[in-house]
There are 2 protein chains.
Amino acid sequence: MLEAPATAPGSTHQGPIDIVRTQSLTTLVQRELERLILAGDVKPGERINEQHVAQRLRVSRGPVREALRGLERAGLVEARVNRGVYVREVSVEQALEIYEMRGLITGFACARLAAASTADQRGELAGLVTQMERAASAGDQALYYAINLAFHDKLMQFAGNMRAKAMYDALVKESHLCRRRSLFSPRNMGESNAEHAAILDAIRRGDAETARKVGEEHIVGGRRRFLDVVGSTAGT
Amino acid sequence: MLEAPATAPGSTHQGPIDIVRTQSLTTLVQRELERLILAGDVKPGERINEQHVAQRLRVSRGPVREALRGLERAGLVEARVNRGVYVREVSVEQALEIYEMRGLITGFACARLAAASTADQRGELAGLVTQMERAASAGDQALYYAINLAFHDKLMQFAGNMRAKAMYDALVKESHLCRRRSLFSPRNMGESNAEHAAILDAIRRGDAETARKVGEEHIVGGRRRFLDVVGSTAGT
DNA sequence: CTGATGTAAACTGTTAACAGTTTGCCTTCG
DNA sequence: CGAAGGCAAACTGTTAACAGTTTACATCAG
C-alpha cells in the first residue's frame, strides 16, 4: 500500500486527486489518508512515506506534510523527528479509556434525549432498532455494524450538543487504531440490540437517569465484548 | 500584533525561534501561535498572515502552514480557501456546549476519585482548596484563577484517564476563544471554592454519586456565572 | 458625488530544489 | 565467520520561487 505510482504509463486515468480544485489539495490528501488509515489499508505502527504518498496522489510533498500535521493533532498518526510519520498504535489500556469516554458521552446523549426529544426523532431511532433486529436475525454482521453506526450517530446528533458529537466521532475514529477489535457475533448482536431497545424505552418514558445509565452501560457492554476478544487472543 | 519584523536592524536579538533545533520548526511555530491565541494577543475573528508570522519568527512559510493545519484540527483557527486562516470565534451557544462537556468530564473524574484515590492525592487537593481560600480572602483574582486551574488539572490527572484529561484540556483551550468570559468576583471566588470543598468532601467519603453530581454542578455554576456576564453585557 | 470597472499589489496554494539526518549495505579487519 | 566502520542511497526538514486568486485602490462614467 502507498507504494508505486499505481497508474500504468499511457493510462488516461489521472489519479484520485485531479478534481476541480474547489478545495485545497491538503484537504483532499488529508481525507484520503484518513480514509486509508481508518479502512486499515495502512496499519497501526506502519510508517507513512511522504514521497510515496505525494507521487501516488500526484501532488508535491507540501500538501502531504500539511495533511499529516492535521492527522497528528487528530491523534491518528505520530511524528518522530527526522524519522517520519507513523500510524498511531492504540494500546489496550488506551482503548479501555476510550470506551469509558464513549460511554460517558453516550449516557449524556441518552439522558438529554429522554428530557427533550421529538416524536420524529424517537421514530427514526425505533426504525433503526427494527432494522438491526432484522440484520441480527439474518446474521448479517456487516449490515448490523452499519446500522449500529447510524443509530449511535443519530443519537448523538439528536442530543443537540455538537461538541459532544464531535468528541464522540473522534473517539470512534481513534478506537479503530487498536488492532484488537470486537466484532458482532450473532449472540452479541442480539445482546447489543436489546440494549438499544432499553435505551429507546427509557427515552420514550422520559426517564433521563435510567436512559443515562443504560446508555453508558451499553458502551460498557461493548467494552466487555472487546475485552473478551483481547483475552481470548494472546500474542501481539 | 504579528506585524513587523520586530527586531530593529543591528539588533543582536535573533528572535524567539533560533534555539538549537532538537524539535522541528513546525512544532515551535505551533506552540508560539497557540500561546499568542490563548493569551489573547491575536483575537478571535482576526486573520493570521502567513508571511508576517514567518518573518517575525525568522522562518519560511512552510512550517507556518503546517503549524496552522495542526491548530485548525485543534479547533483554534479556521481556514477559508484562498482567503487565509482566522482565529476561531466561539459563539455563546458553543461556549454553553463546552461548559456542558466540561461538567460531564469533571463529574466523571470526581466520581472516579471518590471510588479510588490515595491519601496523598486527597491531601494535595485539600492543600489547593486551602490556598484558594486564602486567595479568595485576599481578593486576589489572578492567584485564585491560577490555583483553580491547578486544582482542576490535578483532579483530571488523578482520575487516571488520560483521554479524559486530554479532552478536558482541549475544551478549556477552546473556551478561551469566546470573547465573553466570566471572571472571579470576590463573591464568585467564595462560591466557587465552597463547591471545591464539597467535591473534596464527597471524594473523602467515597460517595461517587454525590461527587459526580457536585463536580458536574460546579462547572454548571461556572456556566451560570458566565451567563450572568453575557446577559449583563449587551452588544458584540 | 456615487457607483461601476479595471488594474496592481498582496496573499494564499503549490511546486521544486537544497541541506542535513538516518538507514541500510558493503567492505574490511579481527 | 562475525563485528565494526564507512560509504551511499533514501528520506525528512526547510527554503525559495512560481501560479492563481483575492482585495484594495484609483480611475472614469453617470
Side-chain angles (χ1 to χ4, degrees), chain A residues 1-5 7 14-33 36 42 45-73 76-88, chain B residues 1-5 7 14-33 36 42 45-73 76-88:
Chain A
M1 258 301 150
L2 287 179
E3 285 304 326
T7 50
Q14 284 295 322
I17 306 266
D18 267 0
I19 320 163
V20 202
R21 291 179 195 170
T22 169
Q23 296 181 351
S24 72
L25 288 186
T26 303
T27 305
L28 297 171
V29 172
Q30 197 166 339
R31 195 172 305 166
E32 176 65 7
L33 283 176
L36 287 171
V42 272
E46 219 171 289
R47 172 147 159 275
I48 296 178
N49 186 314
E50 290 177 7
Q51 300 201 65
H52 291 175
V53 173
Q55 286 168 21
R56 194 161 138 68
L57 301 182
R58 300 277 200 277
V59 158
S60 73
R61 280 175 55 219
V64 174
R65 284 181 64 85
E66 287 182 35
L68 287 173
R69 275 286 164 176
L71 295 178
E72 184 185 21
R73 204 60 183 246
L76 295 183
V77 302
E78 270 173 322
R80 307 204 239 283
V81 180
N82 275 323
R83 212 155 291 183
V85 174
Y86 295 78
V87 178
R88 188 167 150 230
Chain B
M1 256 305 148
L2 286 179
E3 285 304 326
T7 50
Q14 286 293 322
I17 305 266
D18 268 359
I19 320 162
V20 201
R21 290 181 195 168
T22 168
Q23 297 182 353
S24 73
L25 288 186
T26 303
T27 305
L28 297 171
V29 173
Q30 197 166 337
R31 196 171 304 165
E32 176 64 7
L33 284 176
L36 287 172
V42 273
E46 219 171 288
R47 172 147 158 274
I48 297 178
N49 186 316
E50 290 177 8
Q51 299 200 47
H52 292 173
V53 173
Q55 284 167 21
R56 193 161 139 68
L57 302 183
R58 300 274 202 278
V59 158
S60 72
R61 280 175 56 220
V64 175
R65 283 182 65 84
E66 287 181 35
L68 287 173
R69 274 289 165 175
L71 295 178
E72 184 184 22
R73 213 41 190 261
L76 295 185
V77 302
E78 272 173 319
R80 306 204 239 284
V81 180
N82 276 325
R83 213 154 294 184
V85 174
Y86 295 77
V87 178
R88 190 169 148 227

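Chain letters run A, B, ... following the sequence lines, proteins first and then strands; every chain starts at 1.
Between A/Ile48 atom CD1 and D/dG13 atom P there is a gap of 13 Å when expressed in whole angstrom units. Protein atom CG of A/Leu25 is 20 Å distant from nucleotide atom P of D/dC18, rounded to whole Å. If you measure from atom OH of A/Tyr86 to atom P of C/dT22, you get 12 Å, rounded to the nearest angstrom. To the nearest angstrom, C1' of C/dT15 lies 16 Å from CZ of A/Arg58. In this structure, A/Gln23 places its CD atom 16 Å from P of D/dT21, rounding to the nearest Å. Rounded to a whole Å, the CD atom of B/Glu50 is 17 Å from the P atom of D/dT21. Atom pair B/Arg69:CZ and C/dG13:P shows a separation of 8 Å (rounding to whole Å applied).
The phosphate of C/dT12 has neither OP1 nor OP2 within less than 4.0 Å of any side-chain N or O from B/Arg80. For A/His52 and D/dC11, the shortest distance from a side-chain N or O to OP1 or OP2 is below 4.0 Å. For C/dG13, one of the phosphate oxygens OP1 or OP2 lies less than 4.0 angstrom from a side-chain nitrogen or oxygen of B/Arg65.
Comparing atom distances between the B/Asn49 side chain and each of C/dT12, D/dT14, D/dT23 picks out C/dT12 as nearest. Residue B/Arg47 has its side chain nearest to C/dT12 when only C/dT14, D/dT14, C/dT12 are considered. Closest to the side chain of B/Arg61, out of C/dT12, C/dA17, D/dT15, is C/dT12. Closest to the B/Asn82 side chain, of the nucleotides C/dT23, C/dC11, D/dT21, is D/dT21. Considering only the side chain of A/Ser24, C/dT14 comes nearest among C/dT14, D/dT21, D/dT15. You'll find that the side chain of A/Pro63 is closest to C/dT15, out of D/dT15, C/dT15, C/dC11.
Of the charged side-chain nitrogens involved, at least one lies within less than 4.0 Å of a carboxylate oxygen, so that A/Glu72 and A/Arg69 count as a salt-bridged pair.
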Where do A/Glu66 and B/Leu68 land on the side-chain contact (heavy atoms from CB on, under 4.5 Å) test, with the steps shown first?
CA-CA 9 Å; A/Glu66 287 182 35; B/Leu68 287 173; over 6 Å; no

Decide yes or no on side-chain contact (heavy atoms from CB on, under 4.5 Å) for A/Arg73 and B/Leu71, but give the supporting numbers first.
CA-CA 8 Å; A/Arg73 204 60 183 246; B/Leu71 295 178; 4.1 Å; yes

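B/Gly62 comes within 4.0 angstrom of a nucleotide base, judged by non-hydrogen atoms across all strands. Note on A/Gln51: a base of the nucleic acid sits closer than 4.0 angstrom, heavy atoms only.
Nucleotides of DNA chain C nearest to A/Arg83 and A/Glu66 differ in position, and the one nearer the 5' end is that of A/Glu66.
You'll find the side chain of A/Arg31 reaches within 4.5 Å of the side chain of A/Thr27, heavy atoms only.
Interatomic distance, A/Leu57 CG to A/Leu33 CG, rounded to the nearest 0.5 Å: 6.5 Å.
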